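Structure, as structure tokens:
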Amino acid sequence: MPKILLALLSREAGESRRDILIALLISGIANTAILIIINKASASIADGGFNLRLLGFFVVALGLYITGLRYTFDAATRIFEQMLTRIRVRLTERIANSELLLLHAVGRPRIFQAITVDIAIISESQGLLVAAAHSVVMIACTGIYVLLVSVPAFLTIVGVIGVGILLYLSRAEELNRLIGASVSEEVRVIALISDVIDGLKEVKLSHARRSEMVEELGKVTDRLRDIKMRTAGVYNRNAVFSQSFFYVLLAVIVFVLPHMLDGFAPIAPELVATVLFIFGPISTVVTAIPAAAKADRAASSLLSIELEIDRVAATPAVGRAPRRLPFRRTIECRGIEFHYPGTDAGQFSIGPIDLTLRHGEITMLVGGNGSGKTTLLKVIAGLYPPARGVLAVDGKPVSVSRLPNLRELYGAIFSDFHLFGKLYGIEAEEDAIAAQFDQMQIADKVGYTADGFTTRDLSTGQRKRVAMIVALLEDRPVLIFDEWAAEQDPEFRQYFYEELLPELKSRGKTLIVASHDDRYFGVADMVVKMELGHIQSVTRREDKP
């Protein structure tokens, strides 16, 4: 019984649950009525007669069966897909509202698995699960009919089926365990294939790397193959067992009960027809058990990851965007410290950091890789909440609840930036967009239409220029550039430092630039040198000899 999936459906379906249950009952009862009518009509034919009234009843019952079943499938599909759409959108919205550290806490693979794989599993299972639910109703209605025909036959059939169900369920635990192991191995296979595709350049450059990755992929796929074969073996044995048990039930009705019960022989053919009639529904229920278990596990995964996201998700302001904090003088770090989740004492962290950034100035953060520049930039931008210390704007401390307001100050291009397909959240005239493409000297490589950027298949340096266009069109008062010039050619790198940065400063922008380009440090009003997560020195332009 997929308890978690049923709970999820119950929460999401609302009033539609009642309509589906009514339709299932109507269809199940009509299905049993068809059985009764067929049995009665067969008896009348044996007596040499033709009953027109039974034919009319048959037509009505068939119409109710078809109508009820069609409504059930259509309504269930609508409920499932609406539910999954709401969950997908809700999870994505909560991820968007969560803190950046969500990816560290939950993990990117789990998030993608939930939004894609788990939702797909539930969507694909809905048809079989609805058919199984209808079959259960039909079996129950048919059982009532058998009870009215013969109590001993009813008890015998229930007893035999009950023993079969218990024996079947005794093997279900092994089947569920194998299904869980199969899902885990499939995730590993997908991860390895993604590594090969994403790192194809590196794979092609090293025969040893390629061989080792292919070898590991072979081992994982072999394990997956073995698990799937064992799963299929258990499932096949269960299917053979259920079919054999069904034939045992028929043998009991034909060979045993007529000799044990007086007066049973005349109704034996009717009961045989009844058992044959419910064989299909019983097979449907048996077939649906593994699918139900897999869908239930997927529903459990969805609920679990939703709870994890809720723990680190911010509550968005209802009906309005966060108002940008006023910034006219300074942004201050007072004893700021930050530690990545799960960081041991001997691993990397930053702080304590004491630093004052002045409005309208160019500040350069310098230092080697791993010195903490990017982490500090993300703390200053409000993307990472400080573990200790105070972040203040114009002397006023920024609380955790005001971090969304702080973020509205910043336009940023981090070293691990993402280039979106469209100018989301930005309203700009075509002429202004075209002017930016010309300024970034990239109009011959990429353009912008109503559908978004014409291509994102660009070099890293070109993609950074497009990201710069986005940042400039967004027109935020504080701009963060994290090693932006690293992939630019020498001429454009010089343009960035000696022309673009001074131009932005003249427009009143506050600029925070992480850089290794020591030949251009003179452009900055303040140079902050970092090492191992700490500030080693701060040099202002007026301090220079």
Side-chain angles (χ1 to χ4, degrees), residues 1-2 6 9-10 13-47 49-81 125-151 153-158 160-162 165 242 246 249-250 253 267-289 291-292:
M1 180 72 70
L6 289 177
L9 282 169
S10 179
E15 294 298 322
S16 298
R17 289 175 296 167
R18 181 190 60 191
D19 297 337
I20 289 180
L21 288 174
I22 292 173
L24 276 174
L25 287 173
I26 291 174
S27 183
I29 293 171
N31 208 330
T32 305
I34 290 173
L35 168 64
I36 297 171
I37 293 167
I38 293 294
N39 281 337
K40 297 295 183 183
S42 298
S44 66
I45 291 173
D47 294 337
F50 176 77
N51 195 323
L52 186 60
R53 187 177 63 174
L54 287 177
L55 178 60
F57 286 153
F58 172 82
V59 171
V60 173
L62 182 62
L64 289 173
Y65 166 73
I66 293 173
T67 302
L69 196 56
R70 283 186 61 181
Y71 176 83
T72 301
F73 275 106
D74 290 345
T77 299
R78 183 178 66 254
I79 288 172
F80 264 85
E81 295 306 324
S125 69
Q126 62 94 10
L128 185 56
L129 295 180
V130 173
H134 174 264
S135 297
V136 169
V137 173
M138 198 178 82
I139 292 168
C141 293
T142 305
I144 295 173
Y145 167 63
V146 173
L147 178 63
L148 296 175
V149 172
S150 171
V151 173
F154 172 79
L155 295 176
T156 301
I157 292 172
V158 169
V160 172
I161 292 177
I165 290 173
S242 62
F246 169 76
L249 178 58
L250 286 176
I253 294 173
I267 63 172
E270 186 175 349
L271 291 174
V272 168
T274 301
V275 172
L276 288 171
F277 190 79
I278 64 172
F279 176 64
I282 291 175
S283 298
T284 299
V285 173
V286 170
T287 303
I289 291 176

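Atoms considered below: every heavy atom in the structure, side chains included; atoms not considered: hydrogens, waters and symmetry mates. From a predicted model like this one, the values you see are computed outputs, not experimental measurements.
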Can you give me the closest heavy-atom contact between Gly28 and Val137, atom names plus distance? CA-CG1, 3.9 Å
How close do Leu64 and Ala30 get, heavy atom to heavy atom, and via which atoms? CB-CB, 3.9 Å
Drop me the distance from Phe80's CZ to Thr77's OG1, to the nearest 0.5 angstrom. 8.5 Å
Rounded to the nearest 0.5 Å, what separation is found between the CD1 atom of Ile22 and the OG1 atom of Thr72? 10.5 Å
For Ala61 and Ile34, work out which heavy atoms get closest and say how close. CB-CG1, 3.8 Å
Should Leu276 and Leu250 be marked as a side chain to side chain contact (heavy atoms under 4.5 Å, CB included) after you check the CA-CA gap, both sets of side-chain angles, and the distance that decides it? CA-CA 8 Å; Leu276 288 171; Leu250 286 176; 4.0 Å; yes
side-chain hydrogen bond (donor to acceptor under 3.5 Å, both in side chains): which pairs involve residues 133-143, sequence neighbours left out? Ser27-His134
Side chain to side chain, Leu35 and Asn31, heavy atoms closer than 4.5 Å: no
How many angstroms lie between CD1 in Ile37 and OG1 in Thr32, if you round to the nearest 0.5 Å? 10.5 Å
Taking all atoms of both residues into account, what is the closest heavy-atom pair of Ala76 and Val130, and its distance? CB-CG2, 3.3 Å
Could you pull out all residues at least two apart from Phe277 that satisfy ring-ring contact (aromatic ring centres under 6.0 Å, His included)? none
Interatomic distance, CD1@Ile253 vs CD1@Ile267, rounded to 0.5 Å, equals 9.5 Å
Side chains of Leu62 and Tyr65, heavy atoms from C-beta outward: is any pair under 4.5 Å? yes
Distance-minimising heavy-atom pair for Ala132 and Val285: O-CG2, 3.9 Å
Can you measure from CG (Leu69) to CG (Leu24) and round to the nearest 0.5 angstrom? 8.0 Å
Applying side chain to side chain contact (heavy atoms under 4.5 Å, CB included) to Ile38 and Phe58, what does each step give before you reach the verdict? CA-CA 8 Å; Ile38 293 294; Phe58 172 82; 4.1 Å; yes
